[in-house]
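Proteins come first, then strands; the chains are lettered A, B, ... in the order of their sequence lines, and each starts at number 1.
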Amino acid sequence: MFVGAPFRREFYARPVLVVARSMMGCHLVSDTESGRVVVRVTEVEAYAGADDGASHAHRGQTARNAAMFGPPGHAYVYFTYGMHWCLNVVAEADQVPAAVLVRAGEVIEGVETARSRRIPGKDRDLARGPARLAQALGITGDINGADLTKADGVLRLGAGSTPADDQISEGPRVGIRSATELPWRLWITGDPTVSTFRPAAT
DNA sequence: CTTCCGATATACT
DNA sequence: GTATATCGGAAGG
């Protein structure tokens, strides 16, 4: 299994990577009718624009990826594999496509609510993987494009506890076939809620 | 822990 | 028609 390399400061070479690094340890707060759930982010991936072969924005703007071209701090939520929602945070200036996929987190509040939204299983798996995380938070395409910095939003992104550089590992992104050489996945080293690395199906 | 594989909507060739 | 930024269940170590 791929174990990753220590986080390097050179990672800051691109704005979207700075945002990805800054999101490590942040809190995602969702308030819905079924209750509040707070997740601490433990794993993210950066996606850029035309020069990133694995990005949804690689071939330009479409109806699906339009939110990626919107203002930073807003949500880009997409539907995939016919059944899963995945949450991204738009990362760069308006009209500049870039987003950070939130791949995993630890549920630190509202564990009961999160459990009720998921199939029975271990608590550490509640938000382990992008689709599971979206499900635990009760997120769907309804909030695509929503401002995550608004105090009264259904989903909000806030400060949590930022890990030190030596607590972070970097490695290849999961489930992609293009641009696999870019180490644009970040995770908290050794955290049990981080998803396991899976190469794309051949 | 691992591998294998089916389910299923949307975007793209 | 084919691929996909995935998950969950089954089976094997």
Margin query: Checking side-chain polar atoms at under 3.5 Å, does A/R36 have a donor or acceptor matched by the opposite partner on A/S30?
Written below: no

Next item on the list: Report the nucleotide, chosen from C/dT4, B/dC12, C/dA5, that has the shortest atom-to-atom distance to any side-chain atom of A/T62.
Entry: B/dC12

Notebook entry, point to check: Would you say the side-chain atoms of A/R117 pair up with the backbone N or O of A/L137, donor to acceptor, closer than 3.5 Å?
Noted result: yes

Next item on the list: Can you tell me the distance, in whole Å, between the CZ atom of A/R59 and the C1' atom of B/dT10?
Entry: 13 Å

Checklist line | Ranges pairing with ranges for DNA chain B, where each run has three or more Watson-Crick or G-U pairs under 3.5 Å | finding: B:1-7 with C:6-12, B:9-12 with C:1-4

Next item on the list: Treat primed atoms plus P, OP1 and OP2 as sugar-phosphate and everything else as base, then score nucleotides 6-13 of chain C 5' to 3': B for base contact with protein heavy atoms under 4.0 Å, S for sugar-phosphate contact only, - for none.
Entry: BBBS----

Notebook entry, point to check: Would you say the side-chain atoms of A/E45 and A/Y47 include a donor-acceptor pair closer than 3.5 Å?
Noted result: yes

Check: For A/R156, does its backbone N or O pair with a side-chain atom of A/D31 as donor and acceptor, under 3.5 Å?
Finding: no

Check: Is there a donor-acceptor pair closer than 3.5 Å between any side-chain N or O of A/H74 and the backbone N or O of A/G145?
Finding: yes

Checklist line | Ring-on-base stacking C/dA5 with A/Y47 (under 5.5 Å, under 30°) | finding: yes

Notebook entry, point to check: At their closest point, which heavy atom of A/Y76 faces which heavy atom of A/R64, and how far apart are they?
Noted result: CE1-O, 3.3 Å

Next item on the list: State, without any angle test, whether A/S169 and A/T189 hold a side-chain donor-acceptor pair at a distance under 3.5 Å.
Entry: yes

Note to self: Does a side-chain N or O of A/R64 approach OP1 or OP2 of B/dC12 to a distance below 4.0 Å, or not?
What the structure shows: no

Check: Once you round it to whole Å, what is the distance between P of C/dT4 and CZ of A/R173?
Finding: 14 Å

Notebook entry, point to check: How long is the line joining CZ of A/F197 and C1' of B/dT2, in whole Å?
Noted result: 15 Å

Next item on the list: Give every residue pair that meets the side chain to side chain donor-acceptor pair (under 3.5 Å) criterion with at least one member in residues 98-108 of chain A, sequence neighbours excluded.
Entry: A/E43-A/R103, A/R103-A/S195

